[in-house]
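One structure is given below, encoded as structure tokens.
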Amino acid sequence: MTGAGGKAKIEVIRSFLFAPGNHPRKVAKVFDAGADAVILDLEDAVAVAEKPATRSVVVEALQAPRPCRGYVRINGLDTPFALEDLEAVVTPGVDGIIVPKIETQAQLTTAEWLISALEAKAGLPAGGIDILPIIETGLGLANVRDIAKAATRTRWLSFGAGDYTADMALEWTRGEAECAHARAEIALASRAAGLAPPFDTVWIHLQDEAGLVASAETVRTMGYQG
């Protein structure tokens, strides 16, 4: 579908597959697993001591030919790692940047400004790298309609149920009823802002394939694409 630095025109992205950027064996295999897009992680899956060294591993992997889209999840903008993450990953081969725990319009505007400046410094085409914000706190959900309109690079929003339920002191159940309101708000904000349908949260019960199918079918009926 695409090579390093190339973008395929995919109307619907059915699945993202996360891989920790600090596990070279997993990184080497993840692009051929069959997902429409791969996210190489610099955030939760990578220990603090390993974050700086992982940046170059992720960039090298995304500059090689691959059969799917390639994204990087950076560390949150409120961490000491985010700026150097962006400085490292705004490079050819990166289709988009996942920005976690977006809570305000100003945060997303800042991320877009930084990426634009780094693109210009690297001689990359302006606007070539997507921003995919994750809504995963109560404050982020409360501001989601403004967030959806904040950045011209944002084509989609996504929902992070793990951090959202923790932030809201909810129990993340198999049935996920506690996530229904957040999912609906994100879908509505996306539609109102003219964005493509959003992406749902990860499925963490890896042995429960039937649960995965049921969860995916539920969010599809709520206006989600993957």
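We count residues from 1, following the sequence as given.
If you check the side chains of Asn22 and Glu50, you find a donor sitting under 3.5 Å from an acceptor.
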The test is side-chain hydrogen bond (donor to acceptor under 3.5 Å, both in side chains); show your working for Thr152 and Glu112 and say whether it passes. CA-CA 8 Å; Thr152 60; Glu112 180 164 56; 2.7 Å; yes
I'd like to know whether Asp95 forms a salt bridge (charged side-chain N to carboxylate O under 4.0 Å, His left out) with Arg69, so could you lay out the CA-CA distance, the side-chain angles of the two residues, the decisive distance to 0.1 Å, and finally the verdict. CA-CA 6 Å; Asp95 290 314; Arg69 287 178 177 264; 5.1 Å; no
Checking Phe159 against Val202 for the side-chain contact (heavy atoms from CB on, under 4.5 Å) test, could you report, in this order, the C-alpha distance in whole Å, the side-chain angles of both residues, the deciding distance, and whether it holds? CA-CA 9 Å; Phe159 174 48; Val202 297; over 6 Å; no
Give the intermediate values and the outcome of side-chain contact (heavy atoms from CB on, under 4.5 Å) for residues Val144 and Leu157. CA-CA 9 Å; Val144 69; Leu157 299 177; 3.8 Å; yes
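By the side chain to side chain donor-acceptor pair (under 3.5 Å) test, Thr218 pairs with no residue at all, sequence neighbours left out.
Side-chain atoms of Glu119 come within 3.5 Å of backbone N or O of Gly127 as a donor-acceptor pair. Although no hydrogens or angles enter the test, the distance criterion places no donor-acceptor pair under 3.5 Å between the side chain of Glu185 and the main chain of His181. Side-chain atoms of Glu136 do not come within 3.5 Å of backbone N or O of Ala161 as any donor-acceptor pair.
A side-chain contact (heavy atoms from CB on, under 4.5 Å) with Val90 is found for one member of Asp85, Val72, Leu114, Ile129 and no other, namely Ile129.
Arg155 has a carboxylate O that lies under 4.0 Å from a charged side-chain N of Asp130, or vice versa, which qualifies the two as a salt bridge. At a threshold of 4.0 Å, the pair Lys101-Asp163 counts as salt-bridged, since one of the basic side-chain nitrogens sits closer than that to a carboxylate oxygen. By the 4.0 Å N-to-carboxylate-O rule, Glu43 lies too far from Lys51 to be salt-bridged with it.
The two residues Ala45 and Pro20 come nearest to each other via the heavy atoms CB-CB, 3.6 Å. Nearest heavy atom pair, residue Pro133 against residue Trp156, reads CD-O, 3.3 Å.
Ring to ring, Phe199 and Phe16 are close: their centroids are under 6.0 angstrom apart.
Separating the CD atom in Glu87 from the CD1 atom in Ile74 is a distance of 11.0 Å, to the nearest 0.5 Å.
By the 4.5 Å heavy-atom criterion applied to side chains, Ile97 and Val89 are counted as neighbours. Looking at heavy atoms from C-beta onward, Glu209 lies out of side-chain contact with Trp203 at the 4.5 angstrom threshold.
Counting only residues at least two apart or on different chains, the salt bridge (Lys or Arg N to Asp or Glu O under 4.0 Å) pairs with a member in residues 195-207 are Arg183-Asp200.
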